Engineer: 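This is the structure I have questions about; it appears just below.
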Amino acid sequence: MRLEGKTALITGGGTGIGLEIARMYAAEGAYVYITGRRENKLQEAAEKIGSNCGYMAADVAVKEDMLKVADKIRNERGSVDIVICNAGVGRYIPLTEITADEFDRVMHTNVLGPYFTVQACLPLMNEGSTIILNTSVTASLGLKDFSLYIAAKSAEKSFIHTWTNELRDRKIRVNAIAPGIIPTDAAGKELGRSEQEEMERRAYRATLIPAARVGHVSDIANCAVFLGSDESSYINGVEILVDGGLAAIYPVKL
Ligand SMILES: NC(=O)c1ccc[n+]([C@@H]2O[C@H](COP(=O)([O-])OP(=O)(O)OC[C@H]3O[C@@H](n4cnc5c(N)ncnc54)[C@H](OP(=O)(O)O)[C@@H]3O)[C@@H](O)[C@H]2O)c1
């Protein structure tokens, strides 16, 4: 029980990576709150996670929504120990086709979202609390047609430096997990691929990764348990790549 007695908020916790983090956190003794925009997904997820889970439909890019989430946590638990900014969106789109709406959608979710999440939660965070950002291995790469998502994840990644300094007096740690290729809805359907295309792409990509496989949501959740637990109390201001070695050897075309 590595997270016994801790309370965690996981934005985007109704699906994919966030759901697996929430599931593993609850199994490790934490009480978890999950948020997202689709209430039905959250309800389904909460049933899977069990009794140590609360949920609320909330858009990370709407400050009032995140303040309501913080109010719920304050009323039910009093404080929050681990805040995981996991909600994120992105898709392949050439730089010539970026519109103001697409820019706002991607930047608001991946960059403004963490601001509003952390602003709402800070009054509930005590000394020793921790913030975990879900960035992306792509922030270190030059993937074609992915400039907007990579710009957003690069901005999010910068918070590990600036927020670590800004929150040092509060003794709140700020770290990030940069997932590699983790098949989820975001990595398949939202990017517009059919299931067949996705399977072929996944098999091809596995041949490029030193670990010889694409990642699993549990690979990210294991790292999130470590960063949320007291085992990592001297780890602050870093991004941990959980990518099977992809970025280390990246000379190849994905
Ligand atoms: N899968 C990968 O290969 C990979 C690699 C690197 C980084 N990541 C990052 O990992 C995180 C999780 O992605 P995933 O792969 O698990 O995909 P996912 O299943 O699509 O998860 C994204 C979650 O974010 C929520 N969300 C999106 N926009 C939101 C908003 N405005 N307000 C609140 N919640 C919002 C979604 O719920 P609603 O739609 O109901 O709001 C969904 O639950 C993202 O930040 C992504 O960029 C993923």
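If you read the sequence from its start, that first residue is 1, and numbering goes on from there. Numbering of ligands and ligand atoms starts at 1, following listing order. Since we're looking at a predicted model, the values are computed, not measured. Hydrogens, waters and symmetry mates play no part in the numbers below; they use all other heavy atoms, side chains included.
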Engineer: Using side-chain contact (heavy atoms from CB on, under 4.5 Å) as the criterion, point out the one residue from Val69, Asp59, Asn86 that pairs with Thr35.
Structural biologist: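 With Thr35 as partner, side-chain contact (heavy atoms from CB on, under 4.5 Å) holds for just one option, Val69.
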
Engineer: Between Tyr149 and Tyr92 (judged by ring centroids, cut-off 6.0 Å), do the two rings come close enough to count as a pair?
Structural biologist: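 Here the rings of Tyr92 and Tyr149 have centres that are no less than 6.0 Å from each other.
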
Engineer: Show the atoms of ligand 1 that are less than 4.0 angstrom away from any heavy atom in Val89.
Structural biologist: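 Those of ligand 1 that fall under 4.0 Å from Val89 are 27 (C), 28 (N).
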
Engineer: Heavy atoms only, cut-off 4.0 Å: how does Ile17 contact ligand 1, side chain, backbone, both, or neither?
Structural biologist: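 Answer for Ile17: both.
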
Engineer: What part of Thr15, side chain, backbone, both or neither, has a heavy atom within less than 4.0 angstrom of ligand 1?
Structural biologist: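 Under 4.0 Å from ligand 1, Thr15 contributes backbone and side-chain atoms.
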
Engineer: Ala58 near ligand 1, heavy-atom distance under 4.0 Å?
Structural biologist: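 In this structure, Ala58 qualifies as a contact of ligand 1 - some heavy atom is under 4.0 Å.
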
Engineer: Which atoms of ligand 1 sit under 4.0 Å from any heavy atom of Gly36?
Structural biologist: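 Heavy-atom distances to Gly36 below 4.0 Å select 33 (C), 34 (N), 41 (O).
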
Engineer: Do you know which two heavy atoms are closest between Pro94 and Asp145, and how far apart they sit?
Structural biologist: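 Between these two residues, the closest heavy atoms are CA-OD1, 3.5 Å.
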
Engineer: Examine the side chains of Ser232 and Arg173 and answer whether a donor and an acceptor come within less than 3.5 Å of each other.
Structural biologist: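 A donor-acceptor contact under 3.5 Å links the two side chains.
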
Engineer: Can you list the atoms of ligand 1 that are under 4.0 Å from a heavy atom of Gly12?
Structural biologist: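 What qualifies from ligand 1 is 23 (C), 24 (O), 25 (C), 43 (O).
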
Engineer: Can you list the ligand 1 atoms lying under 4.0 Å from a non-hydrogen atom of Gly16?
Structural biologist: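 Taking each heavy atom of Gly16 in turn, ligand 1 has 16 (O), 19 (O) under 4.0 Å.
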
Engineer: Does Lys68 pair with Glu64 as a salt bridge, N-O distance under 4.0 Å?
Structural biologist: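 Salt bridge between Lys68 and Glu64, a charged N being under 4.0 Å from a carboxylate O: no.
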
Engineer: Do NZ/NE/NH1/NH2 and the carboxylate oxygens of Lys72 and Glu76 come within less than 4.0 Å?
Structural biologist: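 Yes.
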
Engineer: I'd like to know whether ligand 1 has Thr35 as a neighbour, heavy-atom separation below 4.0 Å.
Structural biologist: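 No, that is not the case, since the closest heavy atom of the residue is not under 4.0 Å from the ligand.
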
Engineer: For Lys153, which part has a heavy atom under 4.0 Å from ligand 1: side chain, backbone, both, or neither?
Structural biologist: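 It is the side chain that gets close, since no backbone atom is under 4.0 Å.
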
Engineer: Quick one: do Glu198 and Arg201 make a salt bridge, cutoff under 4.0 Å?
Structural biologist: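 Here Glu198 does not pair with Arg201 in a salt bridge, since their nearest N and O are not under 4.0 Å apart.
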
Engineer: Just wondering, more than 12 heavy atoms not from Arg168 lying within 6.0 Å of its CZ?
Structural biologist: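 Atom CZ in Arg168 is not packed in, count stays at 12 or less.
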
Engineer: So is Asp59 touching ligand 1 or not, going by heavy atoms under 4.0 Å?
Structural biologist: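 Checking ligand 1 against Asp59, which is what was asked, there is a heavy-atom contact under 4.0 Å.
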
Engineer: One thing to verify: whether Glu28 and Lys6 come together as a salt bridge, which I'm taking to mean a side-chain N less than 4.0 angstrom from a carboxylate O.
Structural biologist: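 Salt bridge flag = no for Glu28 with Lys6.
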
Engineer: Evaluate Val137 for polar contact with ligand 1, using N/O atom pairs at a separation under 3.5 Å.
Structural biologist: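 For ligand 1, there is no N or O atom that lies under 3.5 Å from one belonging to Val137.
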
Engineer: Test your reading of the structure: does Ile182 have an N or O sitting under 3.5 Å from an N or O of ligand 1?
Structural biologist: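 Yes, there is a polar N/O contact under 3.5 Å.
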
Engineer: Tyr149 heavy atoms, cut-off 4.0 Å: which ligand 1 atoms fall inside?
Structural biologist: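 Contacts of ligand 1 toward Tyr149, numbered from 1: 6 (C), 7 (C), 8 (N), 9 (C), 46 (C), 47 (O).
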
Engineer: Would you mind listing which atoms of ligand 1 come within a distance below 4.0 Å of any non-hydrogen atom of Ser136?
Structural biologist: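 Near Ser136, the atoms of ligand 1 are 6 (C), 7 (C).
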
Engineer: As a check for students: among Ala87, Gly113, Ala178, Gly88, identify the option with a heavy atom nearest to atom 34 (N) of ligand 1.
Structural biologist: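 That would be Ala87.
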
Engineer: Are any of the N/O atoms on Asn110, whether in the backbone or the side chain, positioned under 3.5 angstrom from an N/O atom of ligand 1?
Structural biologist: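 No; every N/O pair is 3.5 Å or more apart.
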
Engineer: Check ligand 1 against Gly180 and write out every atom of the ligand that is under 4.0 Å from a heavy-atom position of the residue.
Structural biologist: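 Those of ligand 1 that fall under 4.0 Å from Gly180 are 3 (O), 5 (C), 6 (C).
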
Engineer: Taking atom CD as the centre, does Glu166 end up with more than 12 heavy-atom neighbours from other residues, nucleotides or ligands that are less than 6.0 angstrom away?
Structural biologist: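 Open.
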
Engineer: Can Asp71 and Arg74 be counted as an ion pair, charged N to O under 4.0 angstrom?
Structural biologist: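 Judged by the 4.0 Å cut-off on N to carboxylate O distance, Asp71 and Arg74 do form a salt bridge.
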
